[in-house]
Amino acid sequence: MALTIQSAQTIFSNTQVPSPIPATIALFDQLNVDDQLAYLWYAYTEMGKTITPAAPGAARLQLAEGLLTQIKQMSPEEQTKVMRDLASRADTPISRSYGFFSVNTKLAFWYELGELMKQGLITPIPVGYQMSPGVKVVLEATQKLDQGQQITVLRNTVVDMGFDTSELGPSSYPKADTEPAFPRTTPVISSVKIDGVTEPAVLGYIEAMNADNFDAAIALFTPDGALQPPFQKPIVGQKAIAKYMREEAQGLNMMPKQGICEVQPDGSKQLKITGVVQTPWFGVNVGMNISWRFLINPEGKIFFVAIDMLASPQELMNLRRI
Ligand code: EQ3
């Protein structure tokens, strides 16, 4: 039987526990624009007491510099308007430019604005703002999440801001191929060991990703293979996966711990592996508990891999089908 992406998506689905991240983002989405901006400020400053992101570096900030310079020259009222436009995804020139940024440039842009807010050079929350009960509800929900989940909520809200440029054709902004590299702070682990897993494609995948060697990782996929990032639809085809990896998977530190492998009658293999991933934004200070669900074809190529955020650390052990 031919492998399909639709059936691949369901592998090990009965070992999965729903993550609290989408529920928290759904609460956030219900807030009005000023409440959203205020929530992000309170959540970010609260989190900042224990963890803060690494400064993005000059090369990455350069990509956002034009917008940042414009905003710095504005009056406080105009600055607030820009932030409201971004949060409400309005169609304005700034919101369009932001919409074309890559994920990491969006994060760098807000990192810099956050710094200017801390220095009092930009107003952190709209003038005269009063915290609504809704903001308290989302903040309380956020406090119950672990740090890896909290930074995922923050990241996803930032990524969704700005005008939706997906319909506007190719971006005029530098993307995938020109993304500045994140310097690696931890030594690359060259021989990957995962309890219960010896599948060469999986070990090769982790090894390549940990060295930012995306060409080597892509070569392990079938031409029609797919990668499904957390809470997203599958990205199909080697070219599309390569572009995604260059933009979003740089500098990640992947530490798979254990897994199981089930061989199917047609010779394909289904594997579930759990472990921890660190993002270069927070380095070794924050670990995200995740799982990889791989479908390997009978020829040993990756046909499908889904990356899922785990609901709790207990789920790291939850490999068996119920
Ligand atoms: C200034 C402030 C605070 C207030 C204002 O009102 C509004 C905003 C937006 C503000 C600023 C907020 C800021 C600065 C937020 C910064 C957030 C950051 C830096 C978040 C970074 C998060 C990174 C994450 C969650 C990375 C996760 C990566 C994962 C899970 C990778 C998984 C992958 C694996 C394992 C693979 O095998 C394949 C690739 C893939 C990438 C899917």
Side-chain angles (χ1 to χ4, degrees), residues 9-33 35-53 87 89 103 106-107 110 131-161 227-235 248-249 252-259 272-293 305-322:
Q9 281 179 292
T10 65
I11 63 170
F12 293 103
S13 51
N14 54 354
T15 63
Q16 289 176 280
V17 178
S19 156
I21 295 169
T24 311
I25 293 176
L27 287 174
F28 170 85
D29 284 339
Q30 283 167 24
L31 298 176
N32 69 36
V33 166
D35 282 351
Q36 289 190 346
L37 292 170
Y39 159 83
L40 288 165
W41 174 250
Y42 293 132
Y44 187 69
T45 42
E46 191 50 40
M47 246 173 54
K49 292 178 186 156
T50 44
I51 44 159
T52 37
R89 299 165 205 168
V103 168
K106 286 178 179 169
L107 293 172
W110 280 109
M131 201 206 280
S132 75
V135 174
K136 262 187 93 180
V137 169
V138 195
L139 282 173
E140 277 163 17
T142 309
Q143 273 161 4
K144 293 194 188 115
L145 305 177
D146 67 36
Q147 285 183 331
Q149 293 166 333
Q150 290 181 353
I151 64 165
T152 306
V153 170
L154 217 57
R155 176 188 182 279
N156 291 9
T157 56
V158 168
V159 170
D160 281 348
M161 284 187 188
L227 180 142
Q228 182 178 295
F231 316 116
Q232 287 184 43
K233 293 201 194 95
I235 298 163
E248 303 206 19
L252 293 173
N253 207 12
M254 304 190 184
M255 295 171 287
K257 292 206 169 91
Q258 61 253 302
K272 180 174 173 181
I273 292 134
T274 57
V276 174
V277 172
Q278 292 162 344
T279 153
W281 282 103
F282 292 91
V284 294
N285 301 319
V286 185
M288 284 167 284
N289 300 319
I290 68 148
S291 75
W292 290 265
R293 291 179 291 126
V305 56
I307 293 92
D308 304 301
M309 304 289 301
L310 302 185
S312 69
Q314 288 75 29
E315 227 196 313
L316 284 169
M317 308 304 291
N318 195 8
L319 293 166
R320 299 263 157 225
R321 294 175 203 263
I322 305 150

Check: For the residue pair Thr279 and Met288, what are the closest heavy atoms and their distance?
Finding: CG2-CE, 3.5 Å
Next item on the list: Report the C-alpha separation of Met131 and Leu139 in whole Å, then their side-chain angles, then the decisive distance to 0.1 Å, and conclude whether the side-chain contact (heavy atoms from CB on, under 4.5 Å) test is met.
Entry: CA-CA 11 Å; Met131 201 206 280; Leu139 282 173; 4.3 Å; yes
Check: Just wondering, do Asn253 and Val277 contact through their side chains at under 4.5 Å, heavy atoms?
Finding: no
Check: Does a side-chain heavy-atom distance below 4.5 Å link Gln147 with Phe282?
Finding: no
Note to self: I'd like to know whether Leu227 forms a side-chain contact (heavy atoms from CB on, under 4.5 Å) with Ile307, so could you lay out the CA-CA distance, the side-chain angles of the two residues, the decisive distance to 0.1 Å, and finally the verdict.
What the structure shows: CA-CA 8 Å; Leu227 180 142; Ile307 293 92; 4.1 Å; yes
Item checked: Check: Gln149 side chain, Ile21 main-chain N or O, donor-acceptor pair, under 3.5 Å -> no
Margin query: Is any side-chain heavy atom of Met317 closer than 4.5 Å to one of Thr274?
Written below: no
Notebook entry, point to check: Hey, are Gln36 and Thr157 close enough side-chain-wise for a donor-acceptor pair under 3.5 Å?
Noted result: no
Next item on the list: Please tell me if the side chains of Thr142 and Thr24 come closer than 4.5 Å, counting only heavy atoms from C-beta onward.
Entry: yes
Notebook entry, point to check: Taking the side chain as C-beta and beyond, is there a heavy-atom pair between Val286 and Met47 under 4.5 Å?
Noted result: no
Next item on the list: Using modelled atom types only, decide if a donor and an acceptor are shared between the side chain of Thr52 and the backbone of Gly48 within a distance under 3.5 Å.
Entry: no
Check: Are the side chain of Ser13 and the backbone N or O of Gln9 linked by a donor-acceptor pair below 3.5 Å?
Finding: no
Checklist line | Sole candidate of Glu315, Arg293, Lys272 that passes side chain to side chain donor-acceptor pair (under 3.5 Å) when paired with Thr15 | finding: Lys272
Item checked: Where Tyr39 and Leu31 come nearest, the two heavy atoms and their spacing -> CB-CD1, 4.1 Å
Notebook entry, point to check: What's the verdict on side-chain contact (heavy atoms from CB on, under 4.5 Å) for Asn289 and Asp146, showing C-alpha distance, side-chain angles and the deciding distance?
Noted result: CA-CA 10 Å; Asn289 300 319; Asp146 67 36; 4.0 Å; yes
Check: Hey, does Ile151 have a side-chain heavy atom less than 4.5 Å from the side chain of Ile51?
Finding: yes
Margin query: Any heavy-atom pair between the side chains of Phe28 and Leu40 that's under 4.5 Å?
Written below: yes
Checklist line | Interatomic distance, Leu310 atom CG to Gln16 atom CD [nearest 0.5 angstrom] | finding: 9.0 Å
Notebook entry, point to check: Are Trp281 and Leu107 side-chain neighbours, meaning at least one heavy-atom pair lies under 4.5 Å?
Noted result: yes
